[in-house]
Engineer: 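My structure is below; once you've seen it, I'll send some questions.
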Amino acid sequence: MQSSKCQNAKLQQWVKEAAELCRPEAIHWCDGSQAEYDTLMAQMVKVGMATPLDKRPNSFLFRSDPSDVARVEDRTYISYPHQEQAGPTNNWIEPDKLKGIMLDLYKGCMAGRTMYVIPFSMGPVGSPLAKIGVEITDSPYVVCNMHIMTRVGDRVLEVLGADGEYIPCLHSIGAPLQPGQADSSWPCAPIEQKYISHFPAENLIWSYGSGYGGNALLGKKCLALRIASAVARREGWMAEHMLILRLTSPEGRQYHVTGAFPSACGKTNLAMLLPTIKGWKVECIGDDIAWMKIGPDGRLYAINPEAGFFGVAPGTSYDSNPMAMDSIKENSIFTNCALTDDSDVWWEGMNGAPSHTIDWKGRDWTPDSKDVAAHANARFTAPASQCPIISTDWEKPEGVPIDIIIFGGRRASVVPLVAQAYDWDHGVFMGSTAASETTAANIGAVGNLRRDPFAMLPFCGYNMGDYFQHWFEMGDRLGAHAPKVFYVNWFRKTAEGKWLWPGFGDNSRVLKWMCERVDGKVGGRETPIGILPNEGDLDLTGLDLPAQDLQELLKVDAAAYQAEVPDMENHFAKFGDKLPGRLSAQLEALKKRLG
Ligand code: GTP
Ligand code: SPV
Ligand code: MN
């Protein structure tokens, strides 16, 4: 039960208690080695949980249970002693009560299974910005994914030492095995028994019942966003649902950009885009999470706490995102993708459909089938180091200095291609009112418009009213060093449902305008919602975009925005006296500008 490599008595004690509670058949301390990964994968292949892919070395396909295909926001809890601490946007159950419910579920929940202890680091091991977590799980699939998504192993135990701090993350799929009982290929608990729980006041994570993505890989959303956002507020930094990229101009000037778009709204794609404009270069630093702190020079520095990509598969192709396609050539895990007859993966939007595949439910599929071959939230897990344009500075302990912050969302109508905020307060207003159509990244309805402030609605580990205030306070501290803020929408559609903007690599045209705005080198026109490019300010060289489409993309429809004001008011009203006065002032100013 004990590990000879773990000098940390508190950790040893916690593992002992977890084992007494969950009653696993065996305990395995993960060392993060390739041999460990290979052994676990071989075991999963043997029992039919994983399928090796002939076309991609050291890569495997998994099919999850159809009930366990995405995050479960309805079953996700931010548990503080007082509900007000969790705020109006989070599910809340009082800690003692929630722990009582979950302790009952955890009792004997690992029977017949191995309990894995995964020491991991978010951020480079030993970096002053890194945080150590330890995940206890009964899922070997989780172990292999954590190997890719985080830094796992003995090195972490060494840094932890005898009395270092770690964030305990207890996870069980919630499917004990009775003696002789046959296992399923994706064991998990029914939806009403799933709990993704956070106790930010004590830096504790308890997850039960799901084996999928952010529900189960607890370093990601649970630690690096929900717990970290609460820690960040206390300590004066920021944990955000943001990509990080470096853009280099033909003159060699570097710009660092972070972007917060809701789940499945384009972060991975923007993070590694190949610019279609000549001479500009993008390097990827992170595709989902940014931790940002003010550096000694007063600027805002960002690091990517993750080590891999857990990216949306559908829509990813050599046309849309070649750098992602190259990142997943080998050493990758695929979940809920289709399996081709020549032992490769396929998904909608990859390229021409094969004449036959096995779909994500394990059934025969042909292009005539009425269902999709890959689940809309099918994902790949790949080491970030395999991205051909990963920045040489992506693991720099101090991070990169941010020039531009982008907010955005998926809006078929109303919201133009790009707008620049007038100032930091206006930028915070843009982030706080961000709205987007829901996607398959969460179990629930898809395509419903909802406010998703800062793309953090599912990930903010404390009262979002306080979170808004924290953004203002960071801006006050940054002063003249504050990044410039922009709002984008790549997802405008025509009346016929076609994309108005080509997106992907062509988004570099919008990035270029932003950089030139930062340098005061390009024009823009003041509108009620912010500064938009004049026709001619965007570099559209080589792009065949009909003039009326460009007009539509850059139009500010004041009446349509006016029609949204009541919803913004209702949204703000939810926060009561936690709503910063500076946001109410911004809303009043917008109303005035709209006339
Ligand atoms: P999470 O990992 O869930 O946080 O998502 P993400 O924000 O990283 O989203 P991602 O980049 O994976 O994109 C999600 C979907 O949007 C994919 O199907 C992409 O193909 C599609 N997409 C991304 N960028 C664009 C774009 O510029 N235009 C269009 N039309 N689709 C895009
Ligand atoms: C998201 O939903 O924003 C993701 C995928 O990045 S998951 O890790 O499942 O949360
Ligand atoms: Mn995400």
Side-chain angles (χ1 to χ4, degrees), residues 1-33 36-37 39-40 43-44 47 49 95-96 98-120 132-147 150 152-154 156-158 160-181 183 187-189 193-199 202-211 215-219 222-223 227:
M1 175 178 301
Q2 306 265 298
S3 158
S4 58
K5 289 179 186 140
C6 176
Q7 305 302 320
N8 194 291
K10 207 170 127 198
L11 175 54
Q12 298 273 20
Q13 179 61 23
W14 178 55
V15 170
K16 187 167 163 266
E17 284 167 12
E20 281 162 8
L21 175 64
C22 303
R23 299 258 154 231
E25 198 173 84
I27 298 177
H28 174 91
W29 286 73
C30 298
D31 62 10
S33 66
E36 177 175 84
Y37 186 94
T39 304
L40 290 177
Q43 282 170 12
M44 289 189 281
V47 299
M49 219 188 143
D96 287 345
L98 182 54
K99 283 182 181 170
I101 295 168
M102 292 190 73
L103 283 171
D104 279 346
L105 290 167
Y106 280 130
K107 249 175 232 156
C109 69
M110 296 186 186
R113 302 191 184 280
T114 297
M115 183 174 107
Y116 301 93
V117 182
I118 316 172
F120 65 94
I132 291 177
V134 180
E135 177 162 355
I136 288 180
T137 181
D138 51 5
S139 163
Y141 167 87
V142 165
V143 176
C144 289
N145 275 272
M146 288 292 284
H147 266 232
T150 73
V152 171
D154 295 345
V156 178
L157 289 180
E158 281 159 28
L160 187 60
D163 47 17
E165 287 293 314
Y166 66 92
I167 296 166
C169 311
L170 180 58
H171 172 251
S172 172
I173 52 176
L177 275 177
Q178 304 317 317
Q181 186 188 339
D183 205 358
C188 63
Q193 282 177 19
K194 290 187 190 358
Y195 287 88
I196 319 300
S197 302
H198 309 73
F199 305 93
E202 44 188 315
N203 283 356
L204 178 66
I205 299 164
W206 281 9
S207 168
Y208 186 90
S210 167
N215 300 332
L217 313 177
L218 302 186
C222 298
L223 193 161
I227 294 294

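Because the structure is a prediction, the values reported are computed rather than measured. Computation of the quantities below employed the complete heavy-atom set of this structure, encompassing side-chain atoms and omitting hydrogens, waters and symmetry-equivalent molecules.
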Engineer: So how far is it from L217 CG to L223 CG, rounded to the nearest 0.5 Å?
Structural biologist: 12.5 Å

Engineer: List the residues meeting side chain to side chain contact (heavy atoms under 4.5 Å, CB included) with S33, not counting sequence neighbours, and say none if there are none.
Structural biologist: D31, A35, E36

Engineer: Work out which heavy atom in N8 is nearest to a heavy atom in L11; give both atom names and the distance.
Structural biologist: OD1-N, 3.0 Å

Engineer: With sequence neighbours left out, write down each residue that passes side chain to side chain contact (heavy atoms under 4.5 Å, CB included) with A111, or none if nothing qualifies.
Structural biologist: P176

Engineer: Strictly below 4.0 Å, N to O, side chains only: are K107 and D104 in salt-bridge contact?
Structural biologist: yes

Engineer: Among all residues two or more places apart in sequence or in another chain, which pass the side chain to side chain contact (heavy atoms under 4.5 Å, CB included) test with E25?
Structural biologist: none

Engineer: For Q7 and E158, indicate whether the former's side chain and the latter's backbone hold a donor-acceptor pair under 3.5 Å.
Structural biologist: no

Engineer: Might you point out which heavy atoms bring Y208 and A189 nearest each other, and give the distance in Å?
Structural biologist: CE2-CB, 4.1 Å

Engineer: Where do I27 and A19 come nearest, in terms of heavy atoms and distance?
Structural biologist: CD1-CB, 3.7 Å

Engineer: How many angstroms lie between OH in Y37 and NE2 in H147, if you round to the nearest 0.5 Å?
Structural biologist: 8.5 Å

Engineer: Identify, with sequence neighbours excluded, every residue that meets side chain to side chain contact (heavy atoms under 4.5 Å, CB included) alongside P140.
Structural biologist: L40, M44, Y116

Engineer: Counting only pairs under 3.5 Å, give me each side-chain donor-acceptor contact of residues 161-175, with atom names and distances, residues two or more places apart or in other chains.
Structural biologist:
residue : atom : partner : partner atom : Å
H171    : ND1  : T137    : OG1          : 2.7
H171    : NE2  : S210    : O            : 2.7
S172    : OG   : D138    : OD2          : 2.7
S172    : OG   : G174    : N            : 2.9

Engineer: Looking at S207 and A216, would you say the former's side chain and the latter's main chain have a donor-acceptor pair under 3.5 Å?
Structural biologist: no

Engineer: Evaluate the side-chain proximity of K99 to L204: yes if any heavy-atom separation is below 4.5 Å, no if none is.
Structural biologist: yes

Engineer: Quick check for you: to the nearest 0.5 Å, what is the distance between W29 atom CH2 and I118 atom CD1?
Structural biologist: 12.0 Å

Engineer: What pair of heavy atoms forms the shortest contact from V143 to C30, and how long is it?
Structural biologist: CG1-SG, 3.7 Å

Engineer: Looking at residues at least two apart in the chain, or sitting in another chain, which of them share a side chain to side chain donor-acceptor pair (under 3.5 Å) with K5?
Structural biologist: D154

Engineer: Hey, could you give me the CD1/SG distance between I205 and C222, rounded to the nearest 0.5 Å?
Structural biologist: 5.5 Å

Engineer: W206 and Y195: aromatic ring centres closer than 6.0 Å?
Structural biologist: no

Engineer: Any heavy-atom pair between the side chains of K194 and C188 that's under 4.5 Å?
Structural biologist: yes

Engineer: With a 4.5 Å cut-off on side-chain heavy atoms, are D183 and R113 touching?
Structural biologist: yes

Engineer: Between V15 and I136, is there a side-chain heavy-atom distance shorter than 4.5 Å?
Structural biologist: yes

Engineer: How close do S197 and L98 get, counting heavy atoms only, and between which atoms?
Structural biologist: OG-CD2, 3.4 Å

